[in-house]
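Take a look at the structure below.
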Amino acid sequence: NTVSSGWSSSEPILARTPQDVLRGRGVKPALAPSLRVLDEIRDDPSVRKLLFCGVGCAVQAFRSVQGQLLDGGYLDDVYVLGTNCADNSPTAEAA
């Protein structure tokens, strides 16, 4: 899930609470460094389940490392939610 700090910028988050999840609602699909949270998951043994949300290309990238997370014992369960492709418009008016 990503949280936008501006119209066209997004940052991935590791949502741990219902409030964290709600922060990401209504987000415009965007290109974001979604895989950045994987280091946080690897370093935190309390994270055992993951719902990865992302645009198609981010999902494809995640799928390429998903097995390592499961087989390496970092996660017990993984769920993936793919969204529509991102619009790379530079401004809200161009979208």
Side-chain angles (χ1 to χ4, degrees):
N1 206 350
T2 60
V3 175
S4 182
S5 59
W7 182 84
S8 63
S9 64
S10 296
E11 283 298 317
I13 62 167
L14 184 57
R16 296 172 182 269
T17 67
Q19 294 79 14
D20 288 345
V21 173
L22 290 175
R23 281 181 41 215
R25 71 180 168 205
V27 175
K28 172 192 171 294
L31 297 177
S34 302
L35 300 180
R36 183 183 302 159
V37 298
L38 297 182
D39 288 337
E40 194 174 340
I41 291 165
R42 183 196 60 218
D43 296 339
D44 186 346
S46 71
V47 179
R48 303 306 308 157
K49 296 180 182 180
L50 175 69
L51 169 60
F52 182 87
C53 303
V55 295
C57 55
V59 168
Q60 283 185 311
F62 175 75
R63 291 282 193 202
S64 73
V65 297
Q66 179 179 347
Q68 295 171 29
L69 294 169
L70 292 167
D71 297 340
Y74 297 108
L75 295 172
D76 296 329
D77 293 308
V78 171
Y79 306 91
V80 176
L81 176 68
T83 65
N84 296 333
C85 190
D87 177 9
N88 293 321
S89 298
T91 66
E93 294 77 29

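Values in this document were obtained by computation on a predicted structure and should not be read as measured data.
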Which heavy atom of [X] sits nearest a heavy atom of [Y], and at what distance?
| X | Y | answer |
| --- | --- | --- |
| Gly82 | Val59 | CA-CG2, 3.9 Å |
| Asp20 | Ile13 | O-CD1, 3.7 Å |
| Val47 | Leu14 | CG2-CD2, 4.1 Å |
| Ala61 | Ser64 | O-OG, 2.6 Å |
| Ala58 | Leu35 | O-CD2, 4.4 Å |

inquiry  = Evaluate Tyr79 against Asp77 for side-chain contact (heavy atoms from CB on, under 4.5 Å), listing each step before the verdict.
reply    = CA-CA 7 Å; Tyr79 306 91; Asp77 293 308; 3.8 Å; yes
task = Taking side-chain contact (heavy atoms from CB on, under 4.5 Å) as the test, write out the residues that go with Leu70, two or more places apart.
result =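 Scan of Leu70 (side-chain contact (heavy atoms from CB on, under 4.5 Å), adjacent residues dropped) gives Gln66, Leu75, Val78.
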Under the salt bridge (charged side-chain N to carboxylate O under 4.0 Å, His left out) definition, can you give me all pairs with a residue in [range], not counting sequence neighbours?
| range | result |
| --- | --- |
| residues 66-75 | none |
| residues 42-55 | Arg16-Asp44, Asp39-Arg42, Arg48-Asp76 |
| residues 56-68 | none |

task = Sequence neighbours left out, what passes ring-ring contact (aromatic ring centres under 6.0 Å, His included) with Phe62? Give chain and number order.
result =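 So Phe62 forms a ring-ring contact (aromatic ring centres under 6.0 Å, His included) with Phe52.
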